[in-house]
Amino acid sequence: MQTERDPSTIDMPGAARSAQRAAELRALLHHHAHRYYVLDAPEIPDAEYDRLFGELQALEEAHPALRTADSPTQRVLGRVLPGLAPVRHAVPMLSIQTETDTTAAGAEAFDARVRRELELGADAPPVEYAAELKYDGLAINLRYEAGALVLAATRGDGETGEDVTQNIRTIGQIPLRLRAEQPPRVLEVRGEVYMRRDHFERLNERQREKGEKTYINPRNTAAGAVRQLDPAMTASRPLSFFAYGLGEVQGWEFLAAPAATHGAMLDALAALGLPVSGDRRVVLGAPGLVAFHRDIEARRDALPFDIDGVVYKVNSLELQRRMGFKTREPRWAVAHKYPAQEQATRLNGIEVQVGRTGKLTPVAKLEPVFVGGTTVSNATLHNIFELRRKGVRIGDPVIVRRAGDVIPEVVGRSLELAPPGARPVYVPNFHMPRQCPVCGSEVQREKGGIDHRCTGGLFCAAQRKQALLHFAGRRAMDIEGLGDKLVDQLVDGGFIRTLPELYKLGVANLANLERMAEKSAANLVAALEKSKTTTLARFLYALGIRHVGESTAKDLARHFGGIDRIMGASVEQLLEVNDVGPVVAESIHTFFAQPHNREVVEQLRAAGIHWPEHEPEHEGAAVATPAAPLPLAGKTLVLTGALPTLSRDEAKELIEAAGGKVAGSVSKKTHYVVAGEEAGSKLDKARELGVPVLDEEGLRRLIAAAE
Ligand code: IVH
């Protein structure tokens, strides 16, 4: 698309010229917003988008008559509503049957039911299904008339919902205008507004930095944001949307086709500019459903958003019509759940633990419960503020959540599960201790009042232990065999007071420890030796600087290229690093301003820890020598399937060390897809988009060739 002014307008009268230019700008901005928000493949830099946006704003300012409802400038209207108005749905918003048997049998039961209702004999061919994700957010109906978004409503009771049009307009992914020359007269699109987990984390990070309250989970946060009375508030929440169905439709020829399918309908919605998930597949019969259920279950925690199951729908719209509805649910669809990541249990007590940075965490002692695939008996309550907000008391039934690798947490009291009339056995007026329960040092309440911290530093055995465990962790220095039992002994026995002392341990003194034989001592010494060859990002992360997680460590390493430049960086220079804000920059700067921390770095290097360094990526990061480009600089790769020798993490590290980025999904912006055994839909997508596909060997060659 062209962004310059059309020369044929030069002879037009001023008003007509302005009107034409405004229309042109609207079309351009709609196009680029779709590339940016929906396809994740912008064609122009942000600054150019802003320039076009500014030009349209100025035109509308000068000629208010040019301001149309679907203008991209009209997303945030900034009017606070007294309440949300009720909206009667033209077509009721149904709910969906839920299959709670989380095994393959759940999928088989649905297929059997469909075949029975369609009166298919045993030898009839398998039924075709559209299999998709069950997004965990808030159902929304979007009404487009002649291509323009005119109304957005929540589901409500299915018959009547709430008018949330103003709020929904602020979601960049939702088109204000459909991409079609001749849009349907009426098209109601149904789907889910949700919040990605990374966006949720970042939102909470911002809340913490501001000392404001954090949100519990992405689903409630998304639902709350949609139902705000102040659209500016909604606009400040990072919301996303996926379309999965239709409401009222008039004049859309697509639906008239006799062979129309649900899958093709979603493709058609995508073509109209609506976000539709790529994680969907058309499958055959029960085996196809089972395979989809398994595949998604395996990838569940790696998806960028929460799901609580998958949804199967009979693919043929004709068969859907034939099957029809049962009161409030279609007979042709089912939600197949996954094992819950939340469970109810009883809170038996609260203990205070001291973490790596001295933070005191109230930890719930629970009646052991099976959740998220393991038995959980301890779960974090985060801090006193959260604990009070949740109002949990000893003896209460509580909800515990454990998702993937995340530390189990108490989400709140389980009201439904409390037996009628039950009273908590004991209601402690829980206070954080004034002295560290481990070392007795003074406990300070932080500015903002949320966290309590032991001031003992590395004098505190708990902090020393956690610092060692973090340092040795798989994603840090990766010292195999250095677990919590051993760390307890090393610290409690006075063998180690500082990190560098770890590398002074010899087989002789290790072998004297409990449960340590000559052999395991030798293994640990070998693991320590092996850990000395590392990367700058791992080393930085291992140091345990507050607010420096893995991704910040990687950004720092990429930006500065060497440890001395990082240690010498000013707060301003640190702020130039991608995603580093004032709190993080201050923390890094303060850390390296402490002589004893610089000494730890020196001693670790003297012990033989080393990594490759490179020239800084940014001019601001000191010295003027131009940076040698890394072999995969600027390249985005996607991994799929099992590679023959590299694990996912190792492949990612290899790519990142070569300057590349690893993305979760394939788009036109992807430069390469690296595929292994049992590669799934990402490989199909790569072929569809013509993205080059490599195997592990190819990846290695690519990196070597460019070096
Ligand atoms: S279809 C007529 N598909 O699950 C069938 N629903 O009660 C209508 N949901 O609140 C639903 N992902 O918002 C459908 N891929 C998906 C879905 C989905 C999530 C939600 C929906 C509704 C609930 C079903």
Side-chain angles (χ1 to χ4, degrees), residues 89-100 106-107 110 113-114 117 129-142 152-162 164 168 171 174 188-196 217-220 222-227 239-249 255 261-263 265-267 269-270 274-283 289 292-293 295-297 300 303-317 319-338 340 681:
H89 297 299
V91 174
M93 286 182 81
L94 300 170
S95 93
I96 194 168
Q97 282 181 69
T98 302
E99 173 57 66
T100 49
F110 173 64
R113 199 159 65 232
V114 169
E117 288 185 14
Y129 295 103
E132 55 200 49
L133 306 179
K134 185 165 190 300
Y135 318 107
D136 210 3
L138 184 72
I140 290 290
N141 185 58
L142 304 175
T154 62
R155 174 165 179 272
D157 64 4
E159 300 287 333
T160 306
E162 290 166 317
V164 288
I168 290 298
I171 303 175
I174 293 183
E188 287 191 351
V189 178
R190 287 177 179 175
E192 199 91 345
V193 171
Y194 67 96
M195 192 178 282
R196 288 169 54 118
N217 62 36
R219 192 219 304 133
N220 295 355
V226 169
R227 301 185 62 257
L239 298 170
S240 304
F241 177 81
F242 276 135
Y244 56 62
L246 298 177
E248 188 189 4
V249 179
L255 279 191
T261 62
H262 181 81
M265 184 267 288
L266 292 183
D267 291 338
L269 291 182
L274 288 146
V276 175
S277 163
D279 281 304
R280 61 191 164 99
R281 221 170 297 155
V282 172
V283 300
L289 298 178
F292 184 78
H293 189 256
D295 172 43
I296 299 299
E297 185 166 19
R300 181 182 184 187
L303 291 172
F305 44 82
D306 283 348
I307 57 168
D308 58 351
V310 289
V311 177
Y312 311 136
K313 298 170 182 172
V314 170
N315 198 30
S316 152
L317 298 187
L319 288 184
Q320 287 188 6
R321 277 189 284 269
R322 257 170 57 193
M323 292 183 75
F325 301 89
K326 181 168 75 182
T327 51
R328 302 177 58 86
E329 294 161 350
R331 289 178 202 273
W332 42 263
V334 78
H336 193 190
K337 294 275 203 168
Y338 286 123
S681 58

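Below, all heavy atoms of this structure are taken into account, side chains as well, without hydrogens, waters or symmetry copies. None of the values given here were measured: they were computed from a predicted structure. Atoms within each ligand, like the ligands themselves, are counted from 1 in listed order.
Residues that satisfy the ring pair (Phe, Tyr, Trp, His ring centres under 6.0 Å) test with His262, not counting sequence neighbours, are absent from this structure. Taking the ring pair (Phe, Tyr, Trp, His ring centres under 6.0 Å) definition, one finds that Tyr135 meets it with Phe242, sequence neighbours left out.
The ring of Phe292 has its center no closer than 6.0 angstrom to the ring center of Tyr129.
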Do any side-chain atoms of residues 92-100 form donor-acceptor pairs under 3.5 angstrom with protein atoms, and if so which ones, sequence neighbours left out?
from  : atom 1 : to     : atom 2 : distance (Å)
Gln97 : OE1    : Arg113 : NH2    : 3.3
Glu99 : OE2    : Asp101 : N      : 3.0

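No donor-acceptor distance shorter than 3.5 angstrom exists from the side chain of Asn141 to the backbone of Glu188, with no hydrogens or angles considered. Using a distance-only test at 3.5 Å, with no hydrogens or angles considered, no donor-acceptor pair links the side chain of Ser681 to the main chain of Asp279.
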Dump all N/O pairs between ligand 1 and the protein below 3.5 Å as a table: atom names plus distance, one pair per row.
from     : atom 1 : to     : atom 2 : distance (Å)
ligand 1 : 3 (N)  : Lys313 : NZ     : 2.9
ligand 1 : 4 (O)  : Lys134 : NZ     : 3.3
ligand 1 : 7 (O)  : Ile96  : N      : 3.3
ligand 1 : 12 (N) : Tyr135 : N      : 3.1
ligand 1 : 13 (O) : Glu192 : OE1    : 2.3
ligand 1 : 13 (O) : Tyr244 : OH     : 2.6
ligand 1 : 15 (N) : Glu132 : OE2    : 2.9
ligand 1 : 15 (N) : Leu133 : O      : 2.9

